[in-house]
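What follows is a short report on a single structure.
Whatever order the structure lists them in is the order used to number ligands and atoms, beginning at 1.
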Amino acid sequence: MKIIASNFKTNHTRKSTKEFVENINKFLKDENIDNEVLIFPTATSLDEFSLVKNLTIGSQNAYYVKNGSFTGEIGTDQLDEFGIKTILIGHSERRHKLGESQKDIALKYNYYKSLGYKIIYCVGEPLEVYEAGLTETLGYIWEQFDGIDLDYDNLILAYEPVWAIGTGVVASLDDITTIHKKIKKKISKPLLYGGSVKPTNLDAILKIPNVDGTLIGTSSWNVEDFKQMIKITKDN
Ligand code: PEP
């Protein structure tokens, strides 16, 4: 069964997140949808939600500490308050816009792994690497697995080409086919695709072999669009 995940990034308020999550929860119940659905709200919108078992709220980020002096960060004391046991690690915006190094990412990964969190681990190449060719692209992606235990049970991978995230430019079906096949050959974990997925291209992407689901930003922020995409995911 395919997976669908929504990354809110820096969008939605506490109030609108609550409405969104409750709406999706009711939809999954009413439509008898069993697919795994994940929502990553902002840290300020984490809350105690009462949810069906296949709907999970995760954190977009957290530091690799329980608590301490890390201004602007949250740790597991804050996540525990809301029973959060799922985290996104390695997202391209944290790597490229916020300057997280592979070393930091691996430390974070190992910390959350040691606590048994479900980790959605993201990899993907920037445009200049993509343009340099497949060998360079794969080389870049393999380096993003440095320090990452790929045998970890509670791991979901996401391939998200940087140039396709939030740009409206989706990778071609051929590109997704090639990269997913290569990653799956080495790593046998669920593998999501992310990068400008929307209601009009989701069905075709989910039909690609080795695509186990999607991680969606922009087009998931509208609840009706997200519901439509959950429906498409169910039917695939
Ligand atoms: C993302 O944030 O992981 C993402 C894929 O964003 P978008 O769907 O906006 O490209």
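Salt bridge Lys227/Glu31: absent, no basic N to carboxylate O contact under 4.0 Å. Under the 4.0 Å criterion applied to side-chain N and carboxylate O atoms, Lys234 and Asp34 are not assigned as salt-bridge partners.
At least one N or O atom of Asn7, backbone or side chain, sits closer than 3.5 Å to an N or O atom of ligand 1. In terms of N/O distances under 3.5 Å, ligand 1 is not approached by Ser219.
Proximity of Leu215 to ligand 1, defined as any heavy-atom pair under 4.0 Å, is shared by backbone and side chain alike. Residue contacts with ligand 1, taken as heavy atom pairs separated by less than 4.0 Å, do not involve Ala158 at all. Residue Glu93 does not touch ligand 1, judged by heavy-atom distances below 4.0 Å.
To the nearest 0.5 angstrom, Tyr117 atom OH is 15.0 Å from Tyr109 atom OH.
Applying the 4.0 Å criterion to heavy atoms of Gly195 picks out, from ligand 1, the atoms 5 (C), 10 (O). Those atoms of ligand 1 that come under 4.0 Å of a heavy atom in Gly166, given as number and element, are 7 (P), 9 (O), 10 (O). Atom numbering of ligand 1 starts at 1 in the shown order; those under 4.0 Å from a heavy atom of Thr218 are 7 (P), 8 (O), 9 (O). Of all the atoms in ligand 1, the ones that sit under 4.0 Å from a non-hydrogen atom of Ala164 are 10 (O).
Assignment of Ser92 to the shell around ligand 1 is not supported, since no heavy atom sits closer than 4.0 Å. Residue contacts with ligand 1 do not include Lys198, since none of its heavy atoms lies under 4.0 Å from the ligand.
Geometric assessment of Lys186 against the ring of Trp142 yields a positive cation-pi assignment under the 6.0 Å and 45° thresholds.
Here the two rings, on Phe226 and Phe27, have centers that are 6.0 Å apart or farther.
Inter-residue side-chain proximity for Tyr112 and Thr76 is flagged as met; some heavy-atom pair is nearer than 4.5 Å.
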Listed pairs under 3.5 Å, donor-acceptor, residues 153-162 side chains, sequence neighbours left out:
residue, atom, partner, partner atom, Å
Asn154, ND2, Gly116, O, 3.1
Tyr159, OH, Glu125, OE1, 2.9
Tyr159, OH, Glu125, OE2, 3.1

